[in-house]
Amino acid sequence: MKTNDYRVTMDVLASLCKRRGFIFQTSEIYGGINGFWDYGPLGVEMKRNIKACWWKSMTQLREDIVGIDTSIIMHPRVWEASGHIGNFKDPMLDCRETKGRYRADQIFVLKHKTDADALMFTFHEDAPAPAEKKIKKIAKGKVDDYEQVPLLDIPLDAYNQLVGPDTNEPGTLTEPRAFNLMFKTQIGPVEENADVAYLRPETAQGIFAQFGNVCSTVRNKIPFGIAQIGKAFRNEINPRNYTFRSREFEQMELEFFIKPGTDAEQHKYWVTERLNWYEKIGLPEGRMHRDIHEGDALAHYASACTDIMYDFPFGTQELEGIAARGNFDLTQHQETSGKKLEYHDEETKETYLPHVIEPSAGVDRVALALLCEAYREEWIPKGGGEVLTAEVGAKRAPEGYEARIVLGFAPCIAPYKVAILPLLKNKEPLVEKARELYKQLSKRWKCFYDQTGAIGRRYRRQDEIGTPFCVTIDFDTIEKDDTVTIRDRDTMEQIRLPIAELEAYIANIVDF
RNA sequence: GCGGGCGUAGUUCAAUGGUAGAACCCCAGCCUUCCAAGCUGGUUACGACAGUUCGAAUCUGUUCGCCCGCUCCA
């Protein structure tokens, strides 16, 4: 597959997505909320197609993977075991002047022993020297008159006396705020007595927590995988780039359990496997990259992690992370829950905690990448000839050309597979035949019926929503031979085909 | 989260402290025998919430969102 030469800008793409019903801002009539998005009638079809292609490639086309669908709210101790609570509950504070951000529990304060109104000097953990210097320079005082206290012991109304670790002026520090990026809620209707619970920040833990049950019900032999698609929630500090970083998003995660020691080869296998999948749904090799994590970028328990990146118009960004996580997660859950999660290998008579390869993809990011890759504008010469790629940002086509917007989706991704068009709407037999064909094809695919306006306009409309085929019913269909024309979205060329052969022809191209 | 810029139909642009206009798009009708034709008619907007005012899209405040730069990114 070749790359699309046209590079869309995000505002143009967002505008098309709104105009045609792919993506809306959530609760737009109330002004929207940053980081939350709704999929419109076309967007939802497209997104379902992405998920269907993934699900089919994982659970249907191979016998070593099964699916699962776990709940969004899980036992709070799951997040203790996974490390999501421990690492991210610490309050942080910012310095308004230097823009620095500090963990509140790592900041200490030199406070005057007797004068409650005196300036107080903060410093970062084991480095009090700068603060001691400031006592001499700014407060003209003696270090011995000051005592060291944790920042968290300082009352909020005294914060205007605090001099930040990297400033010389008081009053620049914000109050500490919890930066737990998990959405918190409670179980049970009475808030005071409620148990705290969290919306899952990833779907993976549902798989690990049910590992034992899945093993004992489906008799899988290692290596085997468990796949899940579902919503996850992260209270991102700064959602940006349209839907790319959202607070509510959907993941497609596979945990592929393997024999310890086979990590490297399995990881390599899955990176290749996943890149092939992206190529198949319309993301060309030329725009895809691997970002191989090494050293500090690698989590301590991981032996390998490769991000699959796509060249978005706003930069090269991650679509999927493929991590070799060892047996970290199963170990954590086994220790935290006290329940054995070991696997018994009949062949070798060994019992062990399997290692895992985790390909974890963001559905919304894949959808956004597909939209970016699919969008193009063309200039079509009116008298025939070579179609040009339009100039980005050009308001109109040059003299003698007509502009066309196309979403060049892979057929398996396109929201509608076929548009059925009677050549004219005021000729009853044409309409009747078209309705009949629409009904027939709709049993198998999402189809579009349109009789409004000139035929050329209707073709362009379908181009703009990425429908791969337009089937037109004309007078030959009803008067001569029961054939129809099929117009190709990309080449705009037409062939004639008997209606009897239509379904097989389309199926061959649009089915994943 | 910080700093700067910006919010009028789907889009591109208007206008006045007192009835928000146009073009394209969209919808309907007529017409039309294959790539955005034509004619007629129509729907749709002042981001949200307050305040000032007889009256606010316009002035003020708050908030939400978008863009750019920083910051953050398990």
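Throughout, protein chains are lettered first and strands after them, A, B, ... in sequence-line order, and every chain is numbered starting at 1. Owing to the predicted nature of the structure, the values given are computational and were not obtained by experimental measurement. Below, each value reflects all heavy atoms present in this structure, side chains not excepted, and no hydrogens, waters or symmetry copies.
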Could you tell me the separation between the CD atom of A:Glu253 and the C1' atom of B:A74, rounded to a whole number of Å? 13 Å

Of the options B:U11, B:A74, B:C34, whose atoms approach the side-chain atoms of A:Thr485 most closely? B:C34

Under 4.0 Å between any heavy atoms, over every strand shown, what does A:Ala403 touch: base, sugar-phosphate, or nothing? Just pick one. base

Whole Å only: how far is the CZ atom of A:Arg247 from the P atom of B:C72? 17 Å

Using the ring of each side chain (for Trp, its six-membered ring), is A:Phe183 parallel, tilted or perpendicular to A:Phe233, with breaks at 30° and 60°? perpendicular

Would you please test A:Thr389 and A:Glu378 for side chain to side chain contact (heavy atoms under 4.5 Å, CB included) and show each step? CA-CA 5 Å; A:Thr389 299; A:Glu378 294 177 346; 5.8 Å; no

Are A:Arg376 and A:Asp490 close enough for a salt bridge, meaning some N to O gap below 4.0 Å? yes

Where is the tightest heavy-atom contact between A:His267 and A:Ala323, given as atom of each residue plus distance? CD2-C, 4.2 Å

Sticking with atom C1', work out how far B:U52 lies from B:U62, rounded to a whole angstrom. 15 Å

Does a nitrogen or oxygen in the side chain of A:Asn426 sit under 4.0 Å from OP1 or OP2 of B:U32? yes

In whole Å, what separates the C1' atom of B:C68 from that of B:U12? 23 Å

Expected output is a numbered-order residue list: members of residues 457-479 of chain A with a heavy atom under 4.0 Å from any atom of RNA chain B. What is it? A:Arg457, A:Tyr459, A:Arg460, A:Arg461, A:Glu464, A:Thr472, A:Asp474, A:Phe475

Under a 4.0 Å threshold between the charged nitrogen and the carboxylate oxygen, would A:Glu248 count as salt-bridged to A:Lys231? yes

Flag the pair A:Glu464 and A:Arg19 as a salt bridge only when some basic side-chain nitrogen lies within less than 4.0 angstrom of an acidic carboxylate oxygen. yes

Above 12 or not: heavy atoms from other molecules or residues under 6.0 Å from CD of A:Glu386? no

Using OP1 and OP2 only, check whether a side-chain N or O of A:Lys425 sits under 4.0 Å from B:G29. yes

Which class fits the ring pair A:Phe211 and A:Phe257: parallel under 30°, tilted 30 to 60°, perpendicular over 60°? tilted

Rounded distance in Å - CD (A:Gln251) to C1' (B:A74): 12 Å

What's the gap between B:A22 and B:G42 when it is taken at their P atoms, as a whole Å value? 11 Å

Does a side chain donor of either A:Thr336 or A:Arg77 reach within less than 3.5 Å of an acceptor in the other side chain? no

Within the 4.0 Å heavy-atom criterion, would you say A:Arg20 contacts the bases, only the backbone, or no part of the nucleic acid? nothing

Paired stems touching RNA chain B, three or more consecutive Watson-Crick or G-U pairs with both distances under 3.5 Å? B:1-7 with B:64-70, B:10-13 with B:21-24, B:26-30 with B:38-42, B:47-51 with B:59-63

Between the base of B:C26 and the side chain of A:Arg19, is there any donor-acceptor pair under 3.5 Å? no

For B:A74 versus B:G5, give the span between their C1' atoms, rounded off to a whole number of Å. 33 Å

What integer number of Å spans the P atoms of B:A20 and B:G47? 15 Å

For a quick check of understanding: with a heavy-atom distance under 4.0 Å over all strands, which category does A:Thr452 fall into, base, sugar-phosphate or nothing? sugar-phosphate

Expressed in whole Å, how much space separates the P atoms belonging to B:G7 and B:C46? 16 Å

To the nearest angstrom, how far is A:Asp450 atom CG from B:C34 atom C1'? 14 Å

Pairwise P distance for B:C67 and B:C49, with rounding to whole Å: 23 Å

Which whole-number value in Å describes the distance from A:Phe314 CZ to B:C73 P? 19 Å

A:Arg325 bridged to A:Asp263 by N-O distance under 4.0 Å: no

Quickly work out the A:Phe36 CZ to B:C66 P distance and round it to whole Å. 12 Å

Give the rounded distance in Å between these two atoms: CD of A:Gln451 and C1' of B:U32. 14 Å

Check this for me, if you would: do A:Asp364 and A:Lys47 make a salt bridge, where the nitrogen-to-carboxylate-oxygen distance has to be below 4.0 angstrom? yes

Between B:C30 atom P and A:Lys427 atom NZ, what is the distance in whole Å? 11 Å

Nearest-nucleotide check on RNA chain B, A:Ala454 vs A:Ser15; residue mapping nearer the 5' end is A:Ser15

Using a heavy-atom cut-off of under 4.0 Å over every strand shown, decide if A:Gln494 touches base, sugar-phosphate, or nothing. base

Could you work out the separation of B:A45 and B:U8 based on their P atoms and round it to a whole Å? 14 Å

